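Quick notes on the structure that follows.
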There are 2 protein chains.
Amino acid sequence: MKTRNTLQKNIILEQARRLHHPTAEEVYEAVFQVHPSISRATVYRNLKRLSEEGAISHVRLPDGADRFDSMTQKHYHIRCTECGRVFDVDMPYFSGLEDKIADKHGFDVNGHDITFVGLCPDCKIKKKRGQ
Amino acid sequence: MKTRNTLQKNIILEQARRLHHPTAEEVYEAVFQVHPSISRATVYRNLKRLSEEGAISHVRLPDGADRFDSMTQKHYHIRCTECGRVFDVDMPYFSGLEDKIADKHGFDVNGHDITFVGLCPDCKIKKKRGQ
DNA sequence: ATTTATGCAAATCATTTGCACATAG
DNA sequence: CTATGTGCAAATGATTTGCATAAAT
C-alpha cells in the first residue's frame, strides 16, 4: 500500500516535530487548534505511519502514554516522576550492549532501551517551595 | 493504614511467586483455580500492596501489561517480540549509571531500567519451522 | 467494635477498529 | 476512477475506583 500526502498528515507531522516528546493526545490538541475537524483516530493512525516511515520515532516508556520524538537516532530518555515529562538523555548509545547477553540466553537480541527516572529541575523547585 | 493478612493475599503472593514474570491477568487465572470467587480488583490491589511491601517487584515494561517478579533485587529484563514472554537478564546491574547523567540535566536521578527485546529460543525454532 | 479488605460493576485511560464517506493520485 | 485516508462511534485491554458487604484485628 502506498501512503498518501494528506493535509492532516502534514499538520500532524509539523506539530509532532514542534512539540517536545508529545503524547498522541498532546499532538491531537495542537492539531485541533489549526484543524478542529481532526479526529483522534487520524492522529493515532498518522503518528503510527510517520514512525513506520521514519519521519519521527515512537517512544514507548515503562509508564504512561507513548510519546513521539523528532530525534530519530537511537538515544535514551529520562522521565520526571512528578510531572511525567520526558527528556532526551545526553549519554552515548551502548551499541555493543546486545552482544554481551546474547550467548547466555539463546535469544536473538534486537535492541534495548534505557529509561531513567528522577525529579526534573522544575519539580525540584516546586517541591522545595511546597515545604 | 496497617495491612491485613487475608486468604486472598496469601494465595496471590503464592501464585505470583510460582509463575514466571506473570501479568496481573495470569495471576488472576492461577488464583481462580484454587479460589474461584476471587475478583480481578482484589488481584490488582494485592499485587500493588505486595510490591509496596517489598514481597515482589512490579515490572513495568515499555510494551504490554505490567508484570510481577519474585526477584526483588534490581536487574534487567528481556522481552520476546514474538510471544511477549519476559525473562531475567543475567548481566550485572549498572549501579553507577545515574551519576553519569545527573550533572548534565539538573535532574535528581533516582533509577533506571534497561529492557532488551529479541526473539526467544522457542520462537526462533517456531519461525524456522514455519518457513 | 472498628477498620481494612473483598467482590462487583462501572469508570477511566490509551489505543484500535469497523464502517460509510471523502479525497489524493 | 479506485485505492487510501478521514471522522465518528463503538470496541478493546489494562487498570482503577465507588460502594455495600465481609472478614481480620
Side-chain angles (χ1 to χ4, degrees), chain A residues 1-16 19 21-53 55-69 79 83-86, chain B residues 1-16 19 21-53 55-69 79 83-86:
Chain A
M1 87 195 96
K2 61 184 43 166
T3 148
R4 285 178 188 183
N5 211 37
T6 66
L7 176 60
Q8 288 88 335
K9 188 179 183 184
N10 290 327
I11 303 174
I12 289 165
L13 176 56
E14 187 185 343
Q15 296 306 319
L19 299 165
H21 295 104
T23 60
E25 181 64 24
E26 287 163 351
V27 173
Y28 169 77
E29 281 159 20
V31 173
F32 185 87
Q33 301 305 310
V34 8
H35 189 83
S37 64
I38 195 76
S39 119
R40 270 183 190 77
T42 299
V43 172
Y44 276 95
R45 279 187 286 236
N46 276 297
L47 289 171
K48 194 177 178 204
R49 274 172 218 154
L50 287 163
S51 54
E52 283 162 1
E53 294 167 7
I56 56 178
S57 79
H58 187 163
V59 182
R60 296 159 214 264
L61 296 163
D63 221 15
D66 290 5
R67 293 173 176 272
F68 297 87
D69 194 341
R79 202 191 67 250
C83 65
R85 285 184 301 166
V86 171
Chain B
M1 86 197 94
K2 62 183 42 165
T3 148
R4 285 179 187 180
N5 212 36
T6 66
L7 177 59
Q8 288 86 335
K9 188 178 182 184
N10 291 327
I11 303 174
I12 289 165
L13 176 57
E14 186 185 343
Q15 296 307 316
L19 298 165
H21 295 102
T23 59
E25 180 64 24
E26 287 163 349
V27 174
Y28 169 77
E29 281 158 20
V31 174
F32 185 87
Q33 302 304 309
V34 6
H35 189 82
S37 65
I38 196 75
S39 118
R40 271 183 189 76
T42 299
V43 172
Y44 275 96
R45 279 186 288 234
N46 276 297
L47 289 172
K48 193 179 177 202
R49 274 171 218 154
L50 288 163
S51 54
E52 282 161 1
E53 294 167 9
I56 55 176
S57 78
H58 187 163
V59 182
R60 295 159 215 264
L61 297 163
D63 222 14
D66 290 5
R67 293 172 175 272
F68 297 87
D69 195 341
R79 202 191 68 249
C83 64
R85 285 184 302 165
V86 171

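Throughout, protein chains are lettered first and strands after them, A, B, ... in sequence-line order, and every chain is numbered starting at 1. Quick caveat: nothing in here was measured; it's all calculated off a predicted structure.
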Are any of A:Thr3's side-chain N or O atoms less than 4.0 Å away from OP1 or OP2 of D:dG5?
yes
side-chain N/O B:Gln8 vs D:dA23 OP1/OP2, d < 4.0 Å:
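So the side-chain polar atoms of B:Gln8 never come under 4.0 Å of the phosphate oxygens OP1 or OP2 of D:dA23.
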[X] vs [Y] side-chain heavy atoms within contact, under 4.5 Å:
X       : Y       : value
B:Thr3  : B:Glu52 : no
B:Glu29 : B:Gln15 : no
B:Lys9  : B:Arg4  : no

What nucleotide among C:dG25, C:dT6, D:dT15 has an atom nearest to a side-chain atom of A:Asn5?
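Nearest to the side-chain atoms of A:Asn5, counting from C-beta on, is C:dG25.
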Spacing of A:His21 atom NE2 and A:Asp69 atom CG [to the nearest 0.5 Å]:
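CG of A:Asp69 is found 3.5 Å from NE2 of A:His21.
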Any chance you could lay out the ring-ring contact (aromatic ring centres under 6.0 Å, His included) test for B:Phe68 and B:His58, step after step, and finish with the verdict?
CA-CA 5 Å; B:Phe68 297 87; B:His58 187 163; 4.7 Å; yes
Below 3.5 Å between N/O atoms, which protein atoms pair up with nucleotides 1-3 of chain C? Just atom names and distances, please.
residue	atom	partner	partner atom	Å
C:dT3	O2	B:Arg4	NH1	2.8
C:dT3	O2	B:Arg4	NH2	2.3

Rounded to whole Å, how long is the line connecting atom [atom1] of [X] with atom [atom2] of [N]?
X       : N      : atom1 : atom2 : value
B:Arg60 : D:dT16 : CZ    : C1'   : 13 Å
B:His58 : D:dT16 : NE2   : C1'   : 13 Å
B:Leu7  : D:dA24 : CG    : P     : 8 Å
B:Arg49 : D:dT16 : CZ    : P     : 12 Å

For A:Leu7, run the side chain to side chain contact (heavy atoms under 4.5 Å, CB included) check against A:Ile11, A:Asn5, A:Asn10 and tell me which one passes.
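Testing A:Leu7 for a side chain to side chain contact (heavy atoms under 4.5 Å, CB included) against A:Ile11, A:Asn5, A:Asn10 leaves exactly one candidate, A:Ile11.
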Please give me every residue in residues 21-48 of chain A whose heavy atoms get under 4.0 Å of an atom in DNA chain C, ordered by residue number.
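Close to the strand are A:Ala41, A:Tyr44, A:Arg45.
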Please report the closest heavy-atom contact between B:Thr23 and B:Ala65, naming both atoms and the distance.
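For B:Thr23 versus B:Ala65, the nearest heavy atoms are CG2-CB, 4.0 Å.
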Can you list, pair by pair, the side-chain donor-acceptor contacts under 3.5 Å of residues 42-49 of chain B, counting residues two or more places apart and other chains?
residue	atom	partner	partner atom	Å
B:Asn46	ND2	B:Thr42	O	3.0

